[in-house]
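Single-structure report; data block below.
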Amino acid sequence: QVQLVESGGGLVQAGGSLRLSCAASGRTFSSYNMGWFRQAPGKEREFVVAISWTGSTTFYADSVKGRFTVSRDNAKNTVYLQMNSLKPEDTAVYYCAAAKFPYNSSLRNLREVTGVGSWGQGTQVTVSS
């Protein structure tokens, strides 16, 4: 299994930016599709974005499309989430996620929590109005 540690969360004003990082352990990181989810207080954990193991394909939730950008550096075992034009409704704990199985050609399974094989511990993002 891949072990994940997020960093980069914090408090930012609406319209501001943050970049989250997710450092993975294990030599097999580069073979897994990766994703980001978030969970606001009192709400279910929701999908934000997924990126293929090659980095060539991405899929975004409509709520963040055009504002968030996911990327990965397989040489550094790290996936990033650049968040721009942040809104108060983006406030949540953000979780890094690795798919259950390696070398999956589709990102579809990683759009649901049931498709996740490993979770990070989460990092808090708070956007003030």
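If you're wondering where the values come from, they're calculated on a predicted model, not measured in any experiment.
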Item to complete: Any chance you could lay out the side-chain contact (heavy atoms from CB on, under 4.5 Å) test for C96 and W36, step after step, and finish with the verdict?
Response: CA-CA 5 Å; C96 181; W36 290 92; 4.1 Å; yes
Discussion item. Determine whether N104 and W53 satisfy the following criterion, side-chain contact (heavy atoms from CB on, under 4.5 Å), listing intermediate values before the conclusion.
Written reply: CA-CA 8 Å; N104 195 325; W53 58 277; 5.7 Å; no
In terms of heavy-atom contacts, does [atom1] of [X] have more than 12 from other residues, nucleotides or ligands at under 6.0 Å?
{"X": "Q121", "atom1": "CD", "value": "yes"}
{"X": "K65", "atom1": "NZ", "value": "yes"}
{"X": "E89", "atom1": "CD", "value": "yes"}

Discussion item. Restricting to non-hydrogen atoms, name the atom on G8 and the atom on L18 that form the minimum distance, rounded to 0.1 Å.
Written reply: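 In terms of heavy atoms, the two residues are closest at O-CD2, 3.9 Å.
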Worksheet item: So, for A50 and L107, which heavy atoms are closest and what is the spacing to 0.1 Å?
Response: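 Shortest heavy-atom separation between A50 and L107 comes out as O-CD1, 3.8 Å.
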Discussion item. Starting from Y94, can I reach V12 by hopping between I/L/V/M/F/W/Y residues whose side chains sit under 4.5 Å apart?
Written reply: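 Linked, V12 and Y94 end up in one cluster.
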Discussion item. Do V64 and F37 land in one hydrophobic cluster if side-chain heavy atoms of ILVMFWY residues count as linked below 4.5 Å?
Written reply: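 Different hydrophobic clusters.
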[X] side, atom [atom1]; [Y] side, atom [atom2] - distance, nearest 0.5 Å:
{"X": "Y103", "Y": "S30", "atom1": "OH", "atom2": "OG", "value": "6.0 Å"}
{"X": "W119", "Y": "C22", "atom1": "CH2", "atom2": "SG", "value": "11.5 Å"}
{"X": "T57", "Y": "N33", "atom1": "OG1", "atom2": "CG", "value": "8.5 Å"}

Worksheet item: For M83 and L20, what are the C-alpha separation, side-chain angles and deciding distance, and is it a side-chain contact (heavy atoms from CB on, under 4.5 Å)?
Response: CA-CA 8 Å; M83 305 185 295; L20 306 183; 3.8 Å; yes
Close side-chain approach of [X] to [Y], heavy-atom, < 4.5 Å:
{"X": "S25", "Y": "N77", "value": "no"}
{"X": "V116", "Y": "L110", "value": "yes"}
{"X": "Q124", "Y": "T91", "value": "yes"}
{"X": "Y95", "Y": "R45", "value": "yes"}
{"X": "L4", "Y": "M34", "value": "yes"}
{"X": "S21", "Y": "K76", "value": "no"}
{"X": "V125", "Y": "V127", "value": "yes"}

Closer than 3.5 angstrom, by distance alone: can the side chain of [X] be matched with the main-chain N or O of [Y] as a donor-acceptor pair?
{"X": "N74", "Y": "T54", "value": "no"}
{"X": "E6", "Y": "G122", "value": "yes"}
{"X": "S129", "Y": "P88", "value": "no"}
{"X": "Y60", "Y": "V70", "value": "yes"}

Worksheet item: Quick one: side chain to side chain donor-acceptor pair (under 3.5 Å) pairs with a partner in residues 107-116, sequence neighbours left out?
Response: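 Matches after skipping sequence neighbours: none remain.
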Discussion item. Less than 6.0 angstrom from the centroid, inside 45 degrees of the normal: does R72 satisfy that with respect to the ring of F29?
Written reply: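 Output yes; distance and angle both within limits.
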Discussion item. For residues 43-89, which residue pairs pass the disulfide bond (SG atoms under 2.5 Å apart) check, not counting sequence neighbours?
Written reply: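 Counting only pairs at least two positions apart or across chains, no disulfide bond (SG atoms under 2.5 Å apart) contact touches residues 43-89.
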Discussion item. Can you classify the ring geometry of F59 versus F47 as parallel (below 30°), tilted (30 to 60°) or perpendicular (above 60°)?
Written reply: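 Rings of F59 and F47: tilted, 30 to 60°.
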Worksheet entry | Lys/Arg N to Asp/Glu carboxylate O, D90 vs K87, below 4.0 Å |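 Result for this pair is no, no salt bridge flagged.
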